[in-house]
Amino acid sequence: MERDRIFKGIKKVVIKIGTNVLTSANNRLDLSIIEHLVEQVCYLIKEKRVKVIIVTSGAIAAGMQLLGWKKRPQEISRLQAAASVGQSRLMRVYDRLFKEEGINVGQILLTRDIFTMPVRKNNAKETIQTLLKLDVIPIINENDSVAVEEIKVGDNDILSAYVADLVSADMLIIITDVDGLSSIDPKEKSDSKVISIVDNFSIAERIVKNSVPSGYGTGGMKSKVSAAKYVTGKGIICLILNGKKMWCIKKAFKGEKIGTIFIPTGSKRYKKENI
Ligand code: GLU
């Protein structure tokens, strides 16, 4: 099967984990979900020999929880303050869970502008590559104290696309709280159908034109489709999965037809009808 073939060829993957996945209904960090995602990342590393780079949101949500804020503030400076408080909490959670699996993690805080600065871009790339050689998982977030692009729009979707290109990943997996790209918002209509494969961005862009983010996340499907368009233009496959569903990553790597897969633009490597 073509899906099997695709996943067998994946050796390096960027996994972006969104705020809505990491938080529960009461907007607190959902430790059982994080634990399960960590378990699946370990499956990829240990059983599939895949190199994994994590791009994670959740700093603002974690900070709000610690500061006792129930409502996400409007002011950017307060969001930055929450991110500052929450980032170390977020890393403590990842550090503890991966350590239990015998894996070290390294924190990298990036801003989008470094991707236009050759020296800094190369420094970031070298650090990530060295961490991977040391079998350390790079855990990346936007440096929210100095840049606010992803706070305003994106929830790290675009940042993760830039990272996937930077490290020449084979795949960008965007973990969110819906099953993939649907022609109708699944939060409005429960029987909406997920589009399993996208190779034409004009349709995808039409669908997300008026979509708005929900919950604590600031990305929504629009920035996910933008991220997918960016990476597929660089020859990288993009997959959107629902991280609230058990074993979503493992199932995808076993060839199950879940989520939405975006195949590289103009690619002749994949037969659409078989995916
Ligand atoms: N970098 C932010 C975070 O980790 C982005 C997500 C957001 O805007 O809520 O919390």
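What you see is a predicted model, and the numbers here were worked out from it, not measured in a lab. Read the numbers this way: they start at 1 and go in the same order the structure lists the ligands and their atoms.
Ligand 1 has a nitrogen or oxygen under 3.5 angstrom from a nitrogen or oxygen of G58. Residue S57 has no N or O atom closer than 3.5 Å to an N or O atom of ligand 1. Among the atoms of T56, none of the N or O lies under 3.5 angstrom from an N or O of ligand 1. Residue R72 has at least one nitrogen or oxygen atom sitting less than 3.5 Å from a nitrogen or oxygen atom of ligand 1, judged on distance alone.
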Donor-acceptor contacts, no H, no angles, side chain residues 163-172, under 3.5 Å, sequence neighbours left out:
| unit_1 | atom_1 | unit_2 | atom_2 | d |
| --- | --- | --- | --- | --- |
| D165 | OD2 | Y230 | OH | 3.4 |
| D170 | OD2 | K11 | N | 2.8 |
| D170 | OD2 | K12 | N | 2.8 |

Expected list for residues 45-60: side-chain donor-acceptor pairs under 3.5 angstrom, two or more places apart:
| unit_1 | atom_1 | unit_2 | atom_2 | d |
| --- | --- | --- | --- | --- |
| K46 | NZ | E101 | O | 2.9 |
| K46 | NZ | E101 | OE1 | 3.2 |
| K51 | NZ | L132 | O | 3.0 |
| K51 | NZ | D135 | OD1 | 3.2 |
| T56 | OG1 | Y94 | OH | 2.7 |
| S57 | OG | D155 | O | 3.1 |
| S57 | OG | D155 | OD1 | 2.8 |
| S57 | OG | N156 | ND2 | 3.0 |

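A heavy-atom separation below 4.0 Å is not found between A83 and ligand 1. The closest approach between any non-hydrogen atom of Q87 and ligand 1 is not below 4.0 Å.
At least one cation-pi condition fails for K251 and W247: the charged atom is not both under 6.0 angstrom from the six-membered ring centre and inside a 45 degree cone around its axis.
Short contacts between ligand 1 and T19, defined as distances under 4.0 Å to a heavy atom of the residue, involve ligand atoms 6 (C), 9 (O). When each atom of ligand 1 is checked for a heavy atom of N141 under 4.0 Å away, the hits are 1 (N), 3 (C), 4 (O).
Heavy atoms of I60 found under 4.0 angstrom from ligand 1 belong to the backbone as well as the side chain.
Looking only at side-chain heavy atoms (C-beta outward), I139 and N141 stay at 4.5 Å or farther from each other.
In this structure, CG in L90 is found 8.5 Å from CD in Q107, a value given to the nearest 0.5 Å.
F262 and F201 have their aromatic ring centers within a separation under 6.0 angstrom.
For the 3.5 Å distance criterion, the side chains of D157 and S223 qualify, holding a donor opposite an acceptor.
Selection from L159, D155, I17 by nearest heavy atom to atom 5 (C) of ligand 1 gives D155.
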